[in-house]
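The block underneath contains the structure these notes are about, expressed in structure tokens.
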Amino acid sequence: MKTQSKQLETLAIHAGQMPDPTTGAISTPIYLTSTYVQDGPGQHKGYEYSRTQNPTRQALEANLAALEGGSTGFAFASGCAAATTVLHMLRSGDHIVAGDDLYGGTYRIFERVIKQFGIDITYVDPTTPTAFGEALRPSTKLCWVETPTNPLLKLCDIAQVAEICKRKNVWLAVDNTFCTPMLQRPLALGATMVVHSTTKYLNGHSDVVGGVVITSDDEVAERLGFFQNAIGAVPSPVDCFLVLRGAKTLAVRMERHVENAQKVAAWLEAHAAVERVIYPGLPSHPQHALCEKQMRAPGGMVAFVVKPGKKSALERARTMLASTKLFACAESLGGVESLIEHPAIMTHASIPPAVRQKLGITDGLIRASVGIEHVDDLIADLAAALDRE
Ligand SMILES: *Cc1c(COP(=O)(O)O)cnc(C)c1O
């Protein structure tokens, strides 16, 4: 990279990339190779085998590390692979404190994969930073935070939790998938690691599944590097190329996602069929002030609860999701196209009903990933679907 800029818009396009040394190609080539020819045994150019090193992956890792303001990035085959590799840094007998409103797949890794190795997890309310401190034990190695949470868009004060973790020498991992570094930079707020599902906004075009972990902590970087190679859940060079290309437009995409989401949220809040809108950019959000302090902008995700129609809230939600034409009824988020889903039936079905009820993932709750289509079309689509009850 020739640029010395620290501006995220510039880094997104240039960081980690340089013209190909052989041809001058401006785009980083897709190095589809499993191995590299050595001049003699052990005489190589820093590349031995593609699980260990791959130039396309390295460009992506350097790019995303620069955006998050970290020293090192590690790319993975999915966000879940990224999380699982981080959790391999723990040992039997260690303890984790995590926010209680997590991506369903992360919750499943904690409950059904990590626990069976003798690692214990305590869940706390992410809106109360002191709850993390109170849950710490001498064996606590890691705190895990998502903010905004999924699907209820609760915020966690990263700087305050980081302070608590630092005092006790506990790592803090922040899942920054919903914000991307364009809207929130957890390392600057004191987190040890940032985790992403690059499947979402970072790639942004709904055509890749991937993950990344970024850190500036040398010890964590060394261990993550070891586990990335040893476990081997690495992404293909083609996927790395696609995420690298997606990241180039991240700044402009996020701007439009936020602009559209803000308008959609305000429109929903004024609609008679809507009981409640949850969006950190609305003054009605209980943590609106923290949003203004911690996030550059409130993001592209909007959650809302529909009132019961002629039948129940569940039926109105079902009808609405079957009726939208632009908002596709689908899991996932963060792509250019708008998506809409029902957490209780779809993304969060793996959470036991009693736990869902306690958290507020009710029958009337709908989550929308607001895309970058024209906002008038998006609102017209929601209006027509809400009219059918
Ligand atoms: C999607 C998602 C993940 C998991 O990522 P995959 O790429 O689907 O494995 C983790 N955290 C959040 C917040 C997500 O939205």
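As the structure is a prediction and not an experimental result, all values here were calculated from the model. In each ligand, atom 1 is the first atom listed, and ligand 1 is the first ligand listed.
- For residues 365-374, the pairs satisfying salt bridge (Lys or Arg N to Asp or Glu O under 4.0 Å) are E341-R367, with sequence neighbours left out.
- Side chain of D381 to backbone of F327: a donor-acceptor contact under 3.5 angstrom is found.
- The side-chain hydrogen bond (donor to acceptor under 3.5 Å, both in side chains) check on N203 picks up D207, with sequence neighbours excluded.
- Judged as a ring pair (Phe, Tyr, Trp, His ring centres under 6.0 Å), and not counting sequence neighbours, the contacts of Y107 are Y123.
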Give one line per pair: atom of ligand 1, protein atom, distance. Only N/O to N/O under 3.5 Å.
residue	atom	partner	partner atom	Å
ligand 1	5 (O)	S197	OG	3.0
ligand 1	7 (O)	G79	N	2.9
ligand 1	7 (O)	S197	OG	2.8
ligand 1	7 (O)	T199	OG1	2.7
ligand 1	9 (O)	G79	N	3.0
ligand 1	9 (O)	C80	N	2.8
ligand 1	11 (N)	D175	OD2	2.7
ligand 1	15 (O)	K200	NZ	2.7

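- A side-chain N or O of E269 and one of S284 form a donor-acceptor pair less than 3.5 Å apart.
- Between the T56 side chain and the P29 main chain, a donor and an acceptor come within less than 3.5 Å of each other.
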